[in-house]
Every structure is written in C-alpha cells, then in structure tokens.
Amino acid sequence: MKALVLAGGKGTRLRPLTHTSAKQLVPIANKPVLYYGLEAILNAGITSVGIIVGDTAVEVMAAVGDGSRFGLDVTYIPQEEPLGLAHCVLIAQEFLADEPFVMYLGDNFLVDGIADLVDAFREADHDAQILLTKVAEPQFYGVAELGPDGEIIGLEEKPEHPRSDLAIVGVYTFSPAIHDAVRAISPSPRGELEITDAIRWLVDNGYRVHSHLVSGYWKDTGRLQDMLECNRIVLEAIERDIRGTVDGFSEITGRVVIEPGAIVENSVIRGPAVLGANTKISGSYIGPYTSIGESCVLQDSEVGYSIILGESSITGVSGLTYSLIGRNVEVTRATGIPNMNQLVVGDHSKIQVRA
C-alpha cells in the first residue's frame with residue numbers, strides 16, 4: 001500500500017503567512033504540521049510516499065528531503081496549478097500504479113493517527129473509505145449526507161447550503177478503482193476536479209464506498225483558530241523537559257519544554273509551552289499554550305496562547321494573545337506622543353488593536 005500526500009495549494013486562509021511559506025510547514029508545537037502526517041503514515045506501516053508539490057515545492061522538498069529521516073521513501077510529483085484533489089490522483093497514477101493507497105491532505109491533523117483506518121481498509125473489501133466528523137461550519141468542507149442505514153447518499157464540496165454537518169476529513173483510502181473515477185468526472189464550477197465528485201461517481205456506479213465517523217481529534221489547519229487549537233491539543237500532551245538555561249530569578253511552572261541553547265532570564269513561563277533552541281526570554285511572561293520557535297528574542301513582553309515562528313523578536317509588548325507570528329518578524333512597543341499604533345501590514349492580514 002502506498003500514500004499520496006498533498007502539499008501544494010495556495011493556503012489562502014492563512015495569508016499573509018502563506019505568501020512566503022507552505023501552509024503544510026506552519027509549526028504546531030514547533031514541528032511542521034506536515035511532519036505529523038508523515039509520521040502517521042509510517043506508523044500505519046506505509047513507507048512508499050508520493051508528495052504532490054506546487055508553488056512551494058522547493059521549501060517542502062528542503063524540509064522533507066528523500067524521506068529517510070522519517071523512515072520513508074519519498075517521490076515528488078509536481079502540480080503546475082492547484083486544480084483539485086482528484087487532479088492530484090490523476091497526475092499521480094504512474095506513481096500509484098495498481099496499488100491501493102491512502103491520500104492524506106498535508107495540512108490535516110489527526111491526533112490518533114491513521115493506523116486503525118488503514119488496517120480497516122486492508123481487512124475490508126471496499127473501493128473507497130472516507131472519514132467523517134461533525135463540524136460547526138460544514139460550508140467550509142466537503143460534506144457527506146447519509147441515509148437511514150448510514151449509507152452515503154450525497155456528497156458536496158463546500159456547499160452554500162449544507163445538507164448535513166458531517167465534514168469529510170482529509171484522509172481517504174482508495175482502491176485502484178478511483179483512477180476510473182477521476183478520469184470520468186468534469187471540473188466543478190470552481191474549475192477543479194473535486195474528490196467528492198470522484199467518490200460520488202464510485203457510489204453511483206456501484207462501487208463499495210464505506211464511511212466511518214472519526215472518534216478522535218481532527219482539524220483542518222487552514223485557519224488561524226484551527227492552528228492555535230491544534231497547538232493547544234499537542235501542548236497538552238508534552239512532558240516537562242528543561243534542556244536550556246534558566247536563571248534563579250525565573251519561575252517555570254507546569255509542562256514546559258526548553259530546548260538546548262535557549263535562555264530564560266528573570267521571566268515567568270506557565271506551561272504547557274515550548275521554547276525553541278537558541279531562543280532568549282528576558283523579563284517576560286509566557287502564558288499557557290504558547291510555542292516559540294528557534295532563535296527568537298522576547299524581552300519585557302507578555303505572550304499567551306500563540307504560535308511564534310523562528311527568528312522573530314518581540315520587545316516591550318504586553319497582552320499579546322491568540323496570535324500567529326511568522327518568521328523574522330519584529331514587534332516592538334510604539335513610543336512618543338501621541339499614543340498611537342504604527343503598522344506595516346501586508347495583504348490579506350488581520351490586525352486587532354485596543355482602541
């Protein structure tokens with residue numbers, strides 16, 4: 001069995017961060033979300049992985065390499081334009097050949113992995129297996145409608161008026177029958193070959209399509225609130241590990257990871273939290289559910305429930321919360337009169353300031 005991992009796409013919901021970075025490489029607890037998926041694939045007993053890459057191919061390839069660091073054998077498959085999930089299957093047919101496979105969206109996060117899903121598919125006689133979970137805003141997802149006996153009677157991609165609250169989780173298992181389906185469908189009004197249309201084609205043509213409700217935690221990490229929630233879930237499970245330097249004037253409480261080379265001076269760290277290697281925290285407060293990347297500098301600041309990527313600095317800023325700070329970002333306190341805020345903000349950003 002093989003795996004097809006989707007690591008292309010534009011990442012529009014996480015702009016401006018994804019103007020310059022792959023959405024699949026945004027870190028959760030200081031580890032790119034894509035890595036969690038690759039580890040889940042290995043834990044399911046799959047080692048042959050094809051990765052679909054797009055505009056951010058260079059960055060993804062640099063982060064994953066040949067896959068050996070994960071125990072995987074990786075093949076990269078370029079997609080010139082993001083033309084839909086079913087299009088990814090179409091262009092990966094040579095790699096997939098006639099083997100069954102799991103398709104994993106690289107920005108999805110399942111805390112319990114996919115081993116049970118893959119084992120169930122191997123043991124059953126299905127042509128496709130989809131995971132479903134109840135969500136509050138189904139209009140943002142592929143949505144499945146089930147009949148009275150749990151059978152799939154309808155599938156829609158991001159419908160304006162959803163017929164159910166059952167979202168299709170971004171992990172699928174397929175037999176080679178899916179190749180006939182992706183060749184048979186036409187582009188949707190969005191101009192994409194939708195995987196929901198391909199699965200519906202399988203249903204309509206008498207193929208065996210099974211659905212399963214996810215019992216564990218799942219998130220599509222395409223939005224800020226989802227990234228922060230995933231960060232919280234992962235940090236809840238960490239163990240205290242202090243390998244950096246903490247002075248005698250600092251207070252470290254709870255499950256806190258301080259990676260080698262990190263320095264904490266005259267500060268308070270409330271776990272769960274992670275401080276990356278070579279980061280320096282001075283005269284600051286780091287609240288729960290915060291992950292700070294490598295080589296950051298925080299001085300005289302207060303930060304909580306946030307993700308801060310590597311090589312950024314925050315100086316003299318209090319009350320920073322519910323935030324996602326990109327790489328090489330500088331945040332400082334404004335000085336002088338009048339008491340005004342000064343912003344240099346890129347396209348598609350969202351800023352909240354206290355009036």
Side-chain angles (χ1 to χ4, degrees), residues 7-37 53-64 82 106-109 219-235 257 259 261-262 273-281 284 286-287 289-334 341-353:
K10 298 292 188 181
T12 55
R13 291 178 294 168
L14 278 176
R15 287 178 177 172
L17 192 67
T18 49
H19 276 308
T20 55
S21 179
K23 62 179 179 178
Q24 298 85 5
L25 298 181
V26 176
I28 293 175
N30 283 3
K31 183 165 71 175
V33 64
L34 177 61
Y35 287 11
Y36 292 95
V53 291
D55 292 345
T56 57
V58 172
E59 186 182 11
V60 172
M61 293 170 70
V64 177
D107 59 351
N108 273 231
F109 181 84
K219 277 290 183 184
D220 171 353
T221 61
R223 298 183 296 171
L224 169 63
Q225 57 265 44
D226 299 324
M227 289 295 307
L228 294 175
E229 177 66 6
C230 285
N231 198 58
R232 183 188 70 82
I233 291 294
V234 174
L235 290 179
V257 173
E259 297 180 0
V274 175
L275 309 183
N278 302 314
T279 279
K280 184 174 182 179
I281 311 295
S284 297
I286 309 300
Y289 308 117
T290 300
S291 60
I292 300 173
E294 77 287 351
S295 302
C296 290
V297 176
L298 276 76
Q299 183 174 355
D300 300 327
S301 296
E302 299 174 356
V303 178
Y305 201 82
S306 295
I307 298 172
I308 301 171
L309 275 62
E311 301 180 24
S312 292
S313 67
I314 301 174
T315 305
V317 177
S318 61
L320 185 64
T321 187
Y322 202 74
S323 298
L324 174 58
I325 307 295
R327 290 188 176 274
N328 296 291
V329 172
E330 180 181 347
V331 183
T332 61
R333 174 187 295 162
N341 296 309
Q342 180 181 7
L343 305 176
V344 178
V345 181
D347 295 345
H348 308 287
S349 297
K350 181 178 180 180
I351 302 292
Q352 292 184 338
V353 297

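In what follows, residues are counted from 1 in the order of the sequence shown. It should be emphasised that the depicted structure is a prediction, and the values quoted were computed from it without experimental measurement.
Contact of the Asn30 side chain with the Glu259 side chain is registered, since non-hydrogen atoms from C-beta on lie closer than 4.5 Å. Annotation: side chain of Ile325 is not in contact with side chain of Val303 (no heavy-atom distance under 4.5 Å). Residues Thr315 and Arg333 have side chains not in contact (no heavy-atom distance under 4.5 Å, counting atoms from C-beta outward).
In this structure, Tyr305 and Tyr322 have parallel ring planes: the angle between them is below the 30° cut-off, well short of the 60° mark.
Taking every heavy atom of both residues into account, Leu235 and Thr290 meet most closely at CD1-N, 3.6 Å. When all heavy atoms of Leu309 and Ser312 are compared, the pair lying nearest together is O-OG, 3.5 Å. Residues Val234 and Phe109 come closest through the heavy atom pair CG2-CZ, 3.4 Å. Between Thr279 and Glu294, the shortest heavy-atom distance links the atoms OG1-C, 3.6 Å.
In this structure, Met227 CE and Ile307 CD1 are separated by 4.5 Å, a value rounded to the nearest 0.5 Å. To the nearest 0.5 angstrom, Ile292 atom CD1 is 5.0 Å from Leu298 atom CG. With rounding to the nearest 0.5 angstrom, the CG atom of Asp300 is 6.0 Å from the OG atom of Ser284. We find the CD1-OG distance between Ile308 and Ser323 to be 8.0 Å, quoted to the nearest 0.5 Å.
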